[in-house]
Amino acid sequence: MLPTHVTLVDVGPRDGLQNESQPVPAATKVELVHRLQSAGLREIEVTSFVSPKWVPQMGDNAEVMAGIARQAGVRYSVLTPNMKGFEGALAAKADEVVIFAAASEAFSQRNINCSIAESIERFRPVAEAARAHGMKVRAAVSCALGCPYQGEVGIDAVDDVVQRLLDIGSHHIGIADTIGVGTAGRVQRVMEAAMKRVPLAELSGHFHDTYGQALANIYACLQLGVHTFDASVAGLGGCPYAKGATGNVATEDVVYLLHGLGIQTGVDLDALVDAGAFISDALGRPTASRVARATLAKRARGANA
Ligand code: HMG
Ligand code: MG
């Protein structure tokens with residue numbers, strides 16, 4: 001039995017754009033968020049309150065948050081690596097903070113300049129403060145299916161970080177394949193381990209699509225009942241500290257899969273394709289979404305007929 005409804009978190013404005021080397025104006029980011037919410041997305045990861053020296057593209061975080069005409073029922077989340085980031089998130093009135101620990105020591109050092117244990121201690125006050133302010137705490141476990149620096153990552157290492165993130169008060173756990181190397185069987189084993197600790201309603205998958213496995217991995221998760229996934233409009237992005245990793249699975253492709261399975265998402269695929277076309281045009285390159293490419297080609301054939 002597959003789930004009847006899936007919640008999609010569009011991480012394109014954050015995970016998608018953080019890796020862009022060309023400057024993307026804040027107004028373009030705001031317009032992207034507006035288009036995503038108009039397309040029916042109810043969870044949008046907008047930006048990161050990280051160090052602008054580390055990730056310059058997210059340096060306009062406050063401006064982007066302030067520019068959004070908020071829609072009732074939409075949750076706007078932001079990444080917060082430490083209390084300084086939390087203070088930014090609070091001032092910007094984010095609904096949810098995302099903390100991000102790695103299941104690999106090597107990646108933790110490269111991404112946030114500290115060990116896994118140190119990162120958990122930095123996230124502890126963030127989680128406490130967020131809860132005290134009624135904000136949701138979502139925690140991402142990076143490199144859960146492999147690490148760009150150390151290679152294989154054991155399920156025990158993932159399990160350990162999941163538990164530590166729960167212990168400091170995370171409401172939600174996202175299992176992230178940062179470099180998109182996971183395959184369906186392994187993804188199921190990692191998810192099954194996480195399901196022993198995390199209720200299904202608060203467990204999600206975050207699959208970069210580097211090796212083209214993300215849709216298969218999502219299907220493998222659906223078979224277990226997992227019903228929340230991150231995805232990135234137009235398949236934007238990657239992580240600046242995971243070289244060679246491509247963007248997240250394209251939201252358009254996930255929506256097409258889910259609707260084909262009769263699973264509701266609340267997303268209007270045509271409007272989502274338009275949102276993806278908007279940001280792809282703004283970046284000056286074709287969309288990475290196969291579904292968007294096919295839809296746009298079909299529309300063009302229709303217009304020429
Ligand atoms: P650090 O250099 O060790 O930090 O960086 P520090 O505490 O020593 O501070 C150094 C300077 O940064 C100081 O400024 C701080 O004020 C400033 P200075 O005195 O030199 O002028 N600073 C900040 N400024 C703004 N906002 C902040 C902040 N914190 C310190 N929050 C730090 C440690 C964590 C800050 C840094 O390593 C960092 O910002 N890393 C961000 C890395 C990142 O954003 N990576 C991409 C997102 S994670 C991801 O994509 C994975 C995910 O998608 C899941 C998956 O796919 O795996 C979530
Ligand atoms: Mg990511």
Side-chain angles (χ1 to χ4, degrees), residues 9-20 45-62 65 77-92 94 96-104 106-116 118-123 125-126 129-130 137-149 153 157-158 161-162 165 170 172-182 190 204-210 214 217 229-232 235-251:
V9 183
D10 202 296
V11 299
R14 194 282 303 170
D15 199 338
L17 295 180
Q18 71 181 7
N19 210 28
E20 278 301 320
E45 206 168 277
V46 177
T47 185
S48 299
F49 284 85
V50 298
S51 161
K53 284 186 197 143
W54 284 64
V55 186
Q57 186 63 257
M58 298 284 104
D60 57 2
N61 41 32
M65 286 296 283
S77 57
V78 300
L79 257 65
T80 50
N82 52 22
M83 280 309 285
K84 182 162 178 145
F86 175 76
E87 280 150 24
L90 185 64
E96 179 177 58
V97 295
V98 182
I99 56 179
F100 45 108
S104 135
F107 188 76
S108 187
Q109 289 292 350
R110 305 280 181 114
N111 195 38
I112 48 177
N113 205 23
C114 63
S115 68
I116 298 171
E118 284 164 343
S119 77
I120 301 290
E121 289 318 309
R122 279 187 200 171
F123 294 135
V126 174
V137 182
R138 193 146 55 86
V141 181
S142 291
C143 296
L145 278 304
C147 168
Y149 307 108
V153 173
V158 179
V161 176
V162 167
L165 288 166
S170 305
H172 182 100
I173 300 288
I175 298 295
D177 186 1
T178 313
I179 53 172
V181 289
V190 172
S204 61
H206 173 112
F207 299 111
H208 286 262
D209 201 25
T210 318
N217 292 340
F229 299 97
D230 293 354
S232 179
L236 295 174
C239 172
Y241 298 98
K243 293 279 175 262
T246 64
N248 279 88
V249 63
T251 317

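For ligands, and for the atoms within them, numbers begin at 1 and follow the listed sequence. Reckoned from all heavy atoms, side chains included, excluding hydrogens, waters and symmetry mates. These figures come from a predicted structure and were not determined experimentally.
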Within less than 2.8 Å of the Mg ion (ligand 2): protein N, O or S atom count
3

Per-ligand residue contacts, ligand 1, heavy-atom threshold under 4.0 Å
Arg14, Asp15, Gln18, Phe49, Val50, Ser51, Pro52, Lys53, Trp54, Val55, Leu79, Pro81, Asn82, Lys84, Gly85, Phe100, Asn111, Ile112, Asn113, Arg122, Ser142, Ala176, Thr178, His206, His208, Cys239

For the side chain of Glu45 and the backbone of Arg14, is there at least one donor-acceptor N/O pair under 3.5 Å apart?
no

Rounded to the nearest 0.5 Å, the OG atom of Ser204 sits from the CD1 atom of Ile175 at a distance of 8.0 Å

Measure the shortest side-chain to side-chain distance between Asp15 and Ser232 over non-hydrogen atoms and say whether it is less than 4.5 angstrom.
no

Result for side chain to side chain contact (heavy atoms under 4.5 Å, CB included) between Ser170 and one of Val98, Ile99, Val97 points to Ile99

Is the shortest side-chain heavy-atom distance between Pro148 and Cys143 below 4.5 Å?
yes

Residues that Tyr241 engages under ring pair (Phe, Tyr, Trp, His ring centres under 6.0 Å), provided they are two or more places apart
Trp54

Passes side-chain contact (heavy atoms from CB on, under 4.5 Å), Gln109 versus Ser115? Steps please.
CA-CA 6 Å; Gln109 289 292 350; Ser115 68; 4.0 Å; yes

Sorted by chain and residue number, the side chain to side chain contact (heavy atoms under 4.5 Å, CB included) partners of Ser142 (sequence neighbours excluded) come out as Ala102, Phe107, Thr178

Between the side chain of Asp177 and the main-chain N/O of Gly182, is any donor-acceptor distance below 3.5 Å?
yes

